[in-house]
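All remarks here apply to the structure that follows.
Just follow the structure's listing: the first ligand is 1, and inside any ligand the first atom is 1. Values below: every heavy atom of this structure, side chains too, minus hydrogens, waters and symmetry copies.
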Amino acid sequence: MNKKQYVLALDLGTTGNRAILFDANGGVVGQSYGELTQYYPHPGWLEHDPMEIWQDTRSSMQQVLRSTGVAPKEIAAIGLTVQRETCLLWDKTTGRPLHNAIVWQDRRTADMCRKLVEMGAADRLEDSTGLVLDAYFSATKIAWLLDWVKANHPETNLDNILAGTIDTWVLWNLTGRNVHATDHSNASRTMLMNLADATWDDSLLALFGIPPHFMPEIRPSMGDFGTLDEEILGIPIPITAIFGDQQAALFAHGCDLPGMLKCTYGTGCFLISQTGGELTRSRNRLLSTVAWTQSKDGQLQANYALEGAMFTTGACIQWLRDGLQLIRSAPETEPLSLKVDDTNGAYFVPALSGLGTPHWDMNARGAFVGITGGVRREHIVRSVLEAIAYQVKEVVDAMNRDGDTPISRLKVDGGASQNNFLMQFQADALGVPVERPAILDATAQGAAFGAGLAAGSWDDYGMLVHQRKVDRVFEPGAGSTQAQGNFTDWQRAVERAKNWAM
Ligand code: ADP
């Protein structure tokens with residue numbers, strides 16, 4: 001890459017929106033971040049304001065250029081990575097969303113899913129999309145939004161409606177309302193894409209009552225997504241990669257060969273294992289999904305993955321801060337947990353939005369059990385961190401049951417992986433080393449690598465991955481016996497929290 005060139009990654013997560021500028025060596029030169037407002041209109045519901053996401057994206061791009069002094073003409077390409085499944089409808093003539101975006105954690109369509117199960121649709125959906133029928137995915141959310149529009153704004157002309165996940169919404173705005181597209185990694189999370197064909201499945205669109213013209217064009221994750229509207233930074237810049245956030249992190253970690261895996265600790269935890277060019281099915285309720293795609297000599301090349309999704313992990317830390325107000329900041333959980341030797345018998349079930357892999361219980365809710373008079377704030381905080389690690393252990397166990405070679409090392413990233421107590425407890429609970437990279441923003445890094453490679457600014461993926469530095473390796477230690485011994489009690493607690501919100 002020309003030394004003067006940079007790649008701009010836009011990482012639009014659940015907690016906040018970030019723009020990160022990477023230099024020719026793949027190093028971070030600057031970033032800008034803004035936390036995103038979370039709207040909880042009813043228990044189990046969660047919404048984001050799409051206009052806030054777009055305005056924050058725009059201002060964070062401008063801000064990162066101001067703070068680094070990099071000129072727009074020095075940016076070779078833009079890559080986009082986003083929270084997945086979160087979706088919205090908007091009017092293409094006004095550019096206005098028709099309702100807030102429904103966030104991936106939102107459970108409002110649990111009843112709709114239950115009816116689909118009763119109709120016997122679950123197996124067919126799983127066969128076509130690789131996904132377990134759950135309110136997590138976009139299909140039922142888009143159906144809900146359309147019903148809402150029809151009921152509340154019957155005058156709306158359906159011909160003018162566009163649908164999309166956050167990448168599609170932001171891309172449409174970045175390109176001056178020109179490109180209505182998504183990539184295969186995001187499309188594979190909607191429950192509307194046929195995994196084998198990599199196209200929208202007409203029979204599924206019909207099942208959910210979604211008009212095909214709502215849907216964006218699906219393009220390869222690394223390729224042409226149009227150019228940045230000149231209005232935004234003064235010049236057109238090619239947009240050359242879109243990834244779902246978890247798939248972007250997998251790419252950044254260099255997990256491009258079957259069996260390579262990583263776990264991201266953000267709002268939720270997502271453990272993803274590369275399965276290569278072969279579509280693999282799980283026997284243990286893991287999801288089959290697209291890792292990324294690219295076009296080689298006119299042929300679509302897909303990499304697939306198996307995934308364990310745990311919905312509320314870092315979100316529970318935010319809840320300790322904002323809901324319970326037990327802590328002032330997320331990092332405070334580390335010294336608090338280290339003040340005590342154990343949780344004094346307390347267990348936490350992090351099911352604030354139901355349970356994902358391997359339970360898939362939309363009606364599970366969060367719970368503390370085992371509380372006695374001696375349980376203090378430190379024990380409660382520690383029980384929340386331990387529960388995050390135990391959820392990941394359940395998914396590792398499911399992956400081990402699915403595969404031939406047991407997982408022997410876990411690569412991690414994401415906001416909550418900064419927590420040393422959590423990482424050590426994770427290594428103890430799993431009995432394998434946990435490896436944390438120096439740059440925790442693997443998500444943004446993956447989008448930058450993808451965009452720079454697709455734009456031809458870089459040509460050596462292996463080199464980019466190789467130069468990533470390891471910050472610390474947590475080896476299983478003295479705490480292993482206790483951490484592994486308490487796991488079965490934690491699983492008993494999980495059983496109690498299931499099927500709560502019936
Ligand atoms: P996302 O991409 O899902 O928005 P991030 O990777 O940005 O998530 O991580 C943010 C999450 O990490 C928040 O939920 C926050 O509570 C959690 N977090 C950040 N720092 C820490 C910490 N030191 N200890 C525990 N959790 C943390």
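Tested against Trp45 for a ring-ring contact (aromatic ring centres under 6.0 Å, His included), the candidates Tyr39, Trp144, Tyr40 yield a single pass: Trp144.
The number of heavy-atom neighbours closer than 6.0 Å to CZ of Arg409, taken from other residues, nucleotides and ligands shown, is above 12. Remark: Asp322 CG is packed, more than 12 non-hydrogen atoms of other residues, nucleotides or ligands lying under 6.0 Å away.
The ligand atoms of ligand 1 that sit less than 4.0 angstrom from a heavy atom of Ala315 are 14 (O). Residue Thr333 approaches ligand 1 through these ligand atoms, each under 4.0 Å from one of its heavy atoms: 24 (N), 25 (C). Atoms of ligand 1 lying under 4.0 Å from any heavy atom of Ile317, numbered from 1 in the order shown and given with element: 16 (O), 26 (N). With ligand atoms numbered from 1 in the order given, ligand 1 contributes 20 (N) to contacts under 4.0 Å with heavy atoms of Gln418.
Nearest protein heavy-atom neighbour of atom 23 (N) of ligand 1: Pro331 CA, 3.4 Å. Summary of contacts: the protein heavy atom closest to atom 5 (P) of ligand 1 is Gly415 N, 3.8 Å. Looking from atom 15 (C) of ligand 1 to the surrounding protein, the closest heavy atom is Gly314 O, 4.1 Å. Ranking protein heavy atoms by distance to atom 26 (N) of ligand 1, first place goes to Ala416 CB, 3.4 Å. For atom 7 (O) of ligand 1, the closest non-hydrogen atom on the protein side is Arg18 NH1, 4.1 Å. Of the protein's non-hydrogen atoms, Gly266 C, 3.9 Å is the one closest to atom 11 (C) of ligand 1. Ranking protein heavy atoms by distance to atom 13 (C) of ligand 1, first place goes to Gln318 OE1, 3.9 Å. In terms of protein heavy atoms, atom 25 (C) of ligand 1 is closest to Asn419 ND2, 3.6 Å.
By the 30° and 60° cut-offs, the orientation of the rings of Phe251 relative to Trp292 is perpendicular. Ring planes of Phe368 and Phe348: tilted class, angle from 30 to 60°.
Remark: among candidates Ser329, Ala330, Gly16, Cys316, the nearest residue to atom 21 (C) of ligand 1 is Ala330, based on non-hydrogen atoms.
In this structure, a donor-acceptor pair under 3.5 Å is present between the side chains of Asp402 and Ser282. If you check the side chains of Asp245 and Thr81, you find no donor sitting under 3.5 Å from an acceptor.
Residue contacts with ligand 1 do not include Asp245, since none of its heavy atoms lies under 4.0 Å from the ligand.
Remark: side-chain polar atoms of Ser60 are not paired, donor with acceptor, to backbone N or O of Tyr33 under 3.5 angstrom. Judged by distance alone, the side chain of Gln38 and the main-chain N or O of Leu36 form a donor-acceptor pair under 3.5 Å.
Considering backbone and side-chain N/O of Gly414, none are found under 3.5 Å from N/O of ligand 1. Residue Thr15 has at least one N or O atom closer than 3.5 Å to an N or O atom of ligand 1.
With a 4.0 Å cut-off on non-hydrogen atoms, Thr264 does not touch ligand 1 at all.
Using a 4.5 Å heavy-atom cutoff, the side chains of Arg365 and Arg107 are in contact.
Taking the ring centre of Phe270 as origin, the terminal cationic atom of Arg84 falls inside the region bounded by 6.0 Å and 45° from the ring axis.
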